[in-house]
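What follows is one structure encoded as structure tokens, with my remarks underneath.
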Amino acid sequence: MRKPTLRLLLTLGLGWLAFIGLGLGLRQWNTGPTVTVIIDRSYCAPAQWQAQAQRYTDLYEQHDQGRLRIVQVIYVSDLGAIVAETLPTPEEINRLNTFGRFNAAQMNQARQAAPNPEVLSCQGN
């Protein structure tokens, strides 16, 4: 017969591993949808830009609450597209300067490359 202490430790260890595995599995299963935020940096009137920044703030809050997951943020301008290295805060988005002309080709390319894009643009796209 095995030692009772070893048997107890083995049972407790396997129980904790199962508990942790179940928790991680439920966490993965229970996460919200994933989105890529595409931000159009072409010129936008300040009032219009504040509306777009507020939309980003709403998405960011949902991300913090775990209702959705922002995978990446892509800035699109007439100069090209840039993927943000880290998830920008709403304050950083509020401080962004808009400039240049709208580039439909760059926007379409970013939309096609991004899974489930959420587009923030003053151009009505």
task = I would like to know whether Gln72 and Ile74 meet side-chain contact (heavy atoms from CB on, under 4.5 Å); could you show each step before the answer?
result = CA-CA 7 Å; Gln72 66 181 350; Ile74 302 173; 3.8 Å; yes

Does any non-hydrogen side-chain atom of [Y] lie less than 4.5 Å from one of [X]?
X: Cys122; Y: Gln52; answer: yes
X: Leu68; Y: Leu59; answer: yes
X: Leu96; Y: Tyr75; answer: yes

request  = Hey, could you give me each pair passing salt bridge (Lys or Arg N to Asp or Glu O under 4.0 Å) that has a residue in residues 48-60? Not counting sequence neighbours.
outcome  =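 Qualifying pairs: Arg55-Glu118.
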
ask   = What pairs meet the salt bridge (Lys or Arg N to Asp or Glu O under 4.0 Å) rule with one or both residues in residues 37-53, with sequence neighbours excluded?
value =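 Residue pairs with at least one partner in residues 37-53: there are none.
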
Shortest non-hydrogen contact from [X] to [Y]?
X: Ser77; Y: Asn103; answer: O-CB, 4.1 Å
X: Gly100; Y: Asp78; answer: CA-OD2, 3.8 Å
X: Pro115; Y: Thr36; answer: O-OG1, 3.5 Å
X: Pro33; Y: Arg67; answer: CD-O, 3.4 Å
X: Asn94; Y: Ala53; answer: OD1-CB, 2.9 Å

task = Given side-chain contact (heavy atoms from CB on, under 4.5 Å), test Ser42 with Gln123 step by step and report yes or no.
result = CA-CA 9 Å; Ser42 63; Gln123 306 304 319; 3.4 Å; yes

Hey, does the side chain of [X] reach the backbone of [Y] with a donor-acceptor pair shorter than 3.5 angstrom?
X: Tyr56; Y: Thr89; answer: no
X: Gln50; Y: Ala47; answer: no
X: Asn116; Y: Thr34; answer: yes

In Å and rounded to the nearest 0.5 Å, what is the [atom1] to [atom2] distance from [X] to [Y]?
X: Ile39; Y: Trp49; atom1: CD1; atom2: CH2; answer: 5.5 Å
X: Leu10; Y: Thr5; atom1: CG; atom2: OG1; answer: 12.5 Å
X: Leu6; Y: Thr11; atom1: CG; atom2: OG1; answer: 9.0 Å

ask   = Side-chain heavy atoms under 4.5 angstrom apart, residues restricted to Ile, Leu, Val, Met, Phe, Trp, Tyr: same cluster for Met107 and Ile82?
value = no

task = State plainly whether one hydrophobic cluster holds both Tyr43 and Ile38, where clusters connect Ile, Leu, Val, Met, Phe, Trp and Tyr through side-chain heavy atoms under 4.5 angstrom apart.
result = no

ask   = Should Ile70 and Val73 be marked as a side-chain contact (heavy atoms from CB on, under 4.5 Å) after you check the CA-CA gap, both sets of side-chain angles, and the distance that decides it?
value = CA-CA 8 Å; Ile70 299 175; Val73 174; 4.1 Å; yes

key: For Phe99, the rest of its hydrophobic cluster, which grows through side-chain links under 4.5 angstrom   = Leu79

task = Mind running side-chain contact (heavy atoms from CB on, under 4.5 Å) on Ile93 and Tyr60 for me, showing each step along the way?
result = CA-CA 11 Å; Ile93 298 300; Tyr60 190 84; over 6 Å; no

query = Pick from Leu87, Val35, Val37: which one makes a side-chain contact (heavy atoms from CB on, under 4.5 Å) with His63?
reply = Leu87

query = Do other residues, nucleotides or ligands put more than 12 heavy atoms under 6.0 Å from the CD atom of Gln65?
reply = yes

